[in-house]
Chemist: 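The structure is given below, and queries will be raised subsequently.
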Amino acid sequence: MLRDRLTKNAEILKVLGSTIRLGILLELEKDECNVKRIYKNLGLRQSTVSQQLKILKMSGIVTGIRKGNLVCYRLSNRTARELLKLIKK
């Protein structure tokens, strides 16, 4: 059990090691939002944000909810949320 938790936490830390993914998560910490809002706020290309969101979703840190023709993303991992709070200090 401890080993599983350590493995999962190590995976979260690896994902947070990217400045782009970290920026996306900081945006999502404020409020759930769609790809367009994220890439405009961060000054990134849409394809870059989409690729990074895929990694975040696969790691279980972010979930996407379809609202009409848009997908709204939100931070869904408590450990990642706590780590973001520490990073912002």
Chemist: Of all residues at least two apart in sequence or in a different chain, which pass the side chain to side chain contact (heavy atoms under 4.5 Å, CB included) check with I55?
Modeler: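 Listed in chain order: R21, Q52.
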Chemist: Show me, pair by pair, the donor-acceptor contacts under 3.5 angstrom made by side chains of residues 64-76, not counting sequence neighbours?
Modeler:
unit_1: K67; atom_1: NZ; unit_2: E32; atom_2: OE2; d: 2.5
unit_1: S76; atom_1: OG; unit_2: I61; atom_2: O; d: 3.2

Chemist: Tell me every residue that passes salt bridge (charged side-chain N to carboxylate O under 4.0 Å, His left out) with K36, counting only those two or more places apart in sequence or in another chain.
Modeler: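 K36: no salt bridge (charged side-chain N to carboxylate O under 4.0 Å, His left out) contacts found.
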Chemist: I need the L53 CG to T63 OG1 distance, nearest 0.5 Å.
Modeler: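 Between atom CG of L53 and atom OG1 of T63 there are 11.0 Å.
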Chemist: Taking salt bridge (charged side-chain N to carboxylate O under 4.0 Å, His left out) as the test, write out the residues that go with D4, two or more places apart.
Modeler: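 So D4 forms no salt bridge (charged side-chain N to carboxylate O under 4.0 Å, His left out) with any residue.
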Chemist: Mind checking what makes side chain to side chain donor-acceptor pair (under 3.5 Å) contact with Q46, not counting sequence neighbours?
Modeler: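 For Q46 the side chain to side chain donor-acceptor pair (under 3.5 Å) partners, ignoring immediate neighbours, are S50.
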Chemist: CG of L25 to CG of L16: how many Å apart, nearest 0.5 Å?
Modeler: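 Those atoms lie 6.0 Å apart.
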Chemist: Residues sharing L6's hydrophobic cluster, by side-chain heavy-atom contacts under 4.5 Å among ILVMFWY, directly or via others?
Modeler: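 Taking Ile, Leu, Val, Met, Phe, Trp and Tyr as members, L6 shares its hydrophobic cluster with L2.
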Chemist: Taking side chain to side chain contact (heavy atoms under 4.5 Å, CB included) as the test, write out the residues that go with T79, two or more places apart.
Modeler: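 Expected list: N9, I12, N77, L83.
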Chemist: Quick one: side chain to side chain contact (heavy atoms under 4.5 Å, CB included) partners of K30, sequence neighbours excluded?
Modeler: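 For K30 the side chain to side chain contact (heavy atoms under 4.5 Å, CB included) partners, ignoring immediate neighbours, are E27.
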Chemist: For Q51, check side chain to side chain donor-acceptor pair (under 3.5 Å) against everything at least two apart and list the hits.
Modeler: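 Counting only residues at least two positions away or on another chain, Q51 forms no side chain to side chain donor-acceptor pair (under 3.5 Å).
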Chemist: Applying salt bridge (charged side-chain N to carboxylate O under 4.0 Å, His left out) as the test, list every pair that has at least one member in residues 47-58; sequence neighbours left out.
Modeler: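 Applying salt bridge (charged side-chain N to carboxylate O under 4.0 Å, His left out) to every pair that reaches into residues 47-58, excluding sequence neighbours, yields nothing.
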Chemist: What pairs with R45 under side chain to side chain contact (heavy atoms under 4.5 Å, CB included), at least two apart in sequence or on another chain?
Modeler: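 Checked R45 against side chain to side chain contact (heavy atoms under 4.5 Å, CB included); matches are S47, T48.
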Chemist: Could you tell me if the side chain of L44 sits less than 4.5 Å from the side chain of I38, heavy atoms only?
Modeler: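 Answer no - side chains too far apart.
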Chemist: Please, which pairs that meet salt bridge (charged side-chain N to carboxylate O under 4.0 Å, His left out) have at least one residue in residues 75-84, sequence neighbours excluded?
Modeler: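 Passing the test, one end in residues 75-84: E82-K85.
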